[in-house]
Amino acid sequence: MSTVSDFEAALEAKGLVKTYKRVRAVQDVSIVLRRGRVTALVGESGSGKSTVAKLLARLVEPTSGEILLDGEKVRRVREYRRKVQMVFQDPFASLNPIHTIRYHLTRPLKIHKRPDTVEELLERVNLPADFAARYPHELSGGQRQRVAIARALAAHPEVLLADEPVSMLDVSIRLGVLNLLLDLKERLKLAVLYITHDIASARYFADETFVMYGGQIVEGGESESVTQRPAHPYTQLLIESAPDPERSVLALDAPLEEVAQISTGCQFAARCPKVQERCWTQAPPRTEVDSYGHWAACWLYAEAAA
Ligand SMILES: Nc1ncnc2c1ncn2[C@@H]1O[C@H](COP(=O)(O)OP(=O)(O)OP(=O)(O)O)[C@@H](O)[C@H]1O
């Protein structure tokens with residue numbers, strides 16, 4: 001069995017914190033994206049996933065923490081932005097209706113001085129060459145998202161940050177777009193961050209899965225292990241409610257804005273069926289729950305390990 005460290009780190013975030021006034025959107029998030037691997041960041045609305053993506057894309061500055069690309073701090077934002085590209089949730093908002101697909105794809109090729117042709121980019125995302133002459137409104141949501149991916153690829157990135165890339169697409173075409181990302185990961189050895197609220201899709205699509213709650217990552221490891229043997233009480237609840245989004249665990253509780261301000265301990269304490277005294281005041285350390293790198297930040301396991 002291959003282990004996580006067999007794959008070279010491309011992007012590494014250490015102790016990221018982002019505070020908006022009194023809201024701690026992201027608290028002490030550390031994550032490594034590796035070449036040739038898809039890493040899922042799973043959580044409900046408001047858990048801080050998009051803020052992590054924006055921090056990693058350097059669209060917002062962290063309150064504290066650091067980001068390393070190929071092991072180094074990259075001061076030149078332009079160089080960083082070339083290597084780390086983002087694909088957004090809404091393929092309708094991301095393309096300008098007055099310009100053709102050729103225009104959308106030519107621009108990044110020029111900016112990044114790449115020799116590729118528009119037709120090559122289209123082929124890379126399995127679209128026919130004659131799509132270059134079309135306008136965005138002539139394309140379906142899935143086709144637009146492929147164009148958005150092609151545009152990101154024009155820069156020859158090392159890292160692709162995909163924030164809910166299929167959640168606005170018809171269910172019937174989601175798989176095709178996810179399979180394209182998998183194919184690109186393999187062929188181009190991209191490090192892909194896949195942000196989603198759908199933990200079931202993480203099992204299928206991601207090699208590694210991290211679960212986020214209240215601005216913190218509470219569990220992580222190989223996707224198979226995290227989704228089939230969830231250790232953190234929050235992940236367990238998330239998986240139980242997964243087949244029925246209407247029964248989202250979020251509906252049971254206080255707004256996350258409030259949660260994120262409460263404690264110095266575990267963010268999940270107020271909702272946890274297994275809460276203990278210390279959970280309110282002491283942040284639980286990351287503790288391994290198997291020998292393959294699956295960990296949970298939960299006192300249930302920290303005690304057993306000690
Ligand atoms: N620019 C901002 N100003 C103030 N608060 C913000 C800002 N951006 C995010 N937040 C707050 O930070 C927290 C995390 O938001 P974020 O958008 O990262 O969550 P998310 O998990 O991506 O949710 P969603 O899936 O709904 O986008 C929320 O409480 C949100 O209200």
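One-based numbering, in listed order, for ligands and for the atoms of each.
Taking 4.0 Å as the cut-off, M212 does not count as a neighbour of ligand 1 on heavy-atom distance. Ligand 1 has at least one atom lying under 4.0 Å from a heavy atom of G46.
Among the candidates R75, R81, R82, K83, the single residue satisfying the salt bridge (charged side-chain N to carboxylate O under 4.0 Å, His left out) test with E79 is K83.
Between G48 and ligand 1, a contact under 3.5 Å exists for at least one N or O pair. Residue T51 places at least one N or O, backbone or side chain, under 3.5 Å from an N or O of ligand 1.
Side chain of R35 to main chain of A191: no donor-acceptor pair is present (N/O by atom type, distance under 3.5 Å, no hydrogens or angles).
Across the listed options G43, S45, A25, S45 owns the non-hydrogen atom lying nearest to atom 26 (O) of ligand 1. Among H197, R22, K49, K54, the residue whose heavy atom sits closest to atom 25 (O) of ligand 1 is K49.
Between Y234 and H232, the ring-plane angle classifies as perpendicular under the 30° and 60° cut-offs.
Ion pairing of E222 with R37 is present here, as a side-chain N (NZ or NE/NH1/NH2) and a carboxylate O approach within less than 4.0 Å.
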Decide yes or no on side-chain hydrogen bond (donor to acceptor under 3.5 Å, both in side chains) for Y194 and S201, but give the supporting numbers first.
CA-CA 10 Å; Y194 170 57; S201 72; 2.8 Å; yes
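In the vicinity of S50, heavy-atom distances shorter than 4.0 Å reach the ligand 1 atoms 17 (O), 18 (O), 20 (P), 22 (O), 27 (O). Here is the list of ligand 1 atoms found below 4.0 Å of a heavy atom in E44: 21 (O).
The environment of Q228 atom CD is dense: over 12 non-hydrogen atoms of other residues, nucleotides or ligands sit within 6.0 angstrom. Around CD of E66, the count of heavy atoms belonging to other residues, nucleotides or ligands within 6.0 Å exceeds 12.
Contacts between K21 and ligand 1 below 4.0 angstrom, taking non-hydrogen atoms only, are absent altogether.
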